[in-house]
Amino acid sequence: MNYVLDFSVVFEKMPDLLMAALATIGLALTGMSLALVIGVIGVAARTSSIRPLRTAVIAFVEVVRNTPFLVQIFFIFFALPMMGIRLNPTITAIIALGLNGGAYAIEIIRGGVDNIQKGQVEAGLALGLHKTQVFRLIVLKPALRAIYPSLTSQFIMLTLTTSVCTSIAAYELTSVAQIIESDTFRSFEVYFAITLMYLVISWMMMGLFALISRHFFSYPVR
Amino acid sequence: MLHAADTQSPLLSMEAVDKWYGAFHALKNINLTVRKGEKIVLCGPSGSGKSTLIRCINALEKIEKGTIMVEGTKLDDSGKSIDAVRREVGMVFQSFNLFPHMTILENCTLAPMRVRGTGKAEAEKIARKYLERVRILDQADKFPAQLSGGQQQRVAIARALCMEPKAMLFDEPTSALDPEMVKEVLDTMIGLARDGMTMICVTHEMGFARQVADRVIFMASGEIIEEAPPETFFRNPSHPRTQAFLGEILAHH
């Protein structure tokens, strides 16, 4: 082995890498937000009394969870333009991450909702609240609290999956690293550096999730 | 019997009500009229349909036949009639069902604000009034899990009262409580009865029935078997099934 490590290229390109890391965090946070919205609305739709709506949600979850993310993002980026829908890489990445994360979120949140006792719903109805109010005001928060660990680990997955968006040349950490690597041939140094950066990003996300939990889910339970 | 109340139109009535769960005939030809201010105690063996009966009154259960009228509103499948009835009828459950993520005060202000459109300040004023009445105002900022069972059930009563209902349904309100907490809940209910609330209580607390009920109704196998003022009901139950039931339940108390 006569490969001599030289991290100077990493330090030189650090501003580019940091900007790209920020882009990755941005992609992850917007993707998560979209996934959470899709997850909550999807669960509400899945429990609605309108049958086609329930079927549509089930079909969506089936398709997304049983196909590769790479194919999904290619489909949105390369196949949809054939039908006249052309999106830039960043928007494509956010939509793909949101839809993919959303399908998993639906399954996870549904587990939490199913675990809420029937009495909670009945108490809300007996007080005169409507079904949607009961879901939004009474069921949702305790349900999210119950599945919070699963949901956040899914969202860490989503954060790391942003690297797949390199495949459509979205601006994020892995794609920028790839460019630096192909310019400098410093593969080890560059990928070692972004490995550490992804680790730090994951830890930051976990910290953020812990803060959110402390803020929203700190009420005592037995 | 000719009371002054007899001349009033009923607050609540059930006429020829039948309910099935699949093939199981849960309620059979139920006829019941409750006047304003009346206190009814429903008792009977488990599975006799007493909980089902009161759950039909606020449409938590659907009936297959018959008519239920509450305050002049006929209960049908329309959301409007269900809304109208639930607004006027409060319910207290065996398992309290307080909302764990809301403080005691928030539990009490939720429905007035969201259902009646009451402003926050006004809703809190009402909540404090009823929390005071169930003697638990000092716990207003705590969460349900921080309260004992008896305290939680008193909050549940206050929460229902905050909607200022015309009638209250109690579904075995003391059955899930430790024995030492039963009294505080019963005392609250007795106070409510004294203040003239119309109440339908499913309970096995026969002392409570003796003390506050205008009528005691005994159910078995989905039917109303016997109905009488408490003195008659306890002293001279006419039906053999009532006699057997009372013999059993009084032996345990």
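Below, chain A is the first sequence line, B the second, and so on; all start at residue 1.
Contacts of B/F93 with chain A are made by side-chain atoms alone, with heavy-atom separations under 4.5 Å and no backbone atom involved. Heavy-atom distances place the side chain of A/Q133, and not its backbone, under 4.5 Å from chain B. At a 4.5 Å heavy-atom cutoff, B/V92 makes no contact with chain A through either its backbone or its side chain. Contacts of B/R159 with chain A are made by both backbone and side-chain atoms, with heavy-atom separations under 4.5 Å. With a 4.5 Å cut-off on non-hydrogen atoms, B/L98 touches chain A through its backbone but not through its side chain.
The most heavy-atom pairs under 4.5 Å with chain A, out of B/A145, B/S95, B/A160, come from B/A145. Looking only at heavy-atom pairs under 4.5 Å with chain A, the residue among B/A111, B/P100, B/A156 that has the most is B/P100. Between chain A and the options B/V85, B/L169, B/L110, heavy-atom pairs under 4.5 Å are most frequent for B/L110.
Relative to the ring axis of B/Y21, B/K19 places its NZ or CZ within 45° and under 6.0 Å from the centre. Figure legend: A/R46 and A/F60 shown without cation-pi pairing, the cationic atom not lying both under 6.0 angstrom from the six-membered ring centre and within 45 degrees of its axis.
The shortest side-chain heavy-atom distance between A/L129 and B/V115 falls under the 4.5 Å cut-off. A heavy-atom distance below 4.5 Å is not found between the side chains of B/M163 and B/V89.
In this structure, A/F155 and A/F209 have tilted ring planes: the angle between them lies in the 30° to 60° band.
The environment of A/F78 atom CZ is dense: over 12 non-hydrogen atoms of other residues, nucleotides or ligands sit within 6.0 angstrom.
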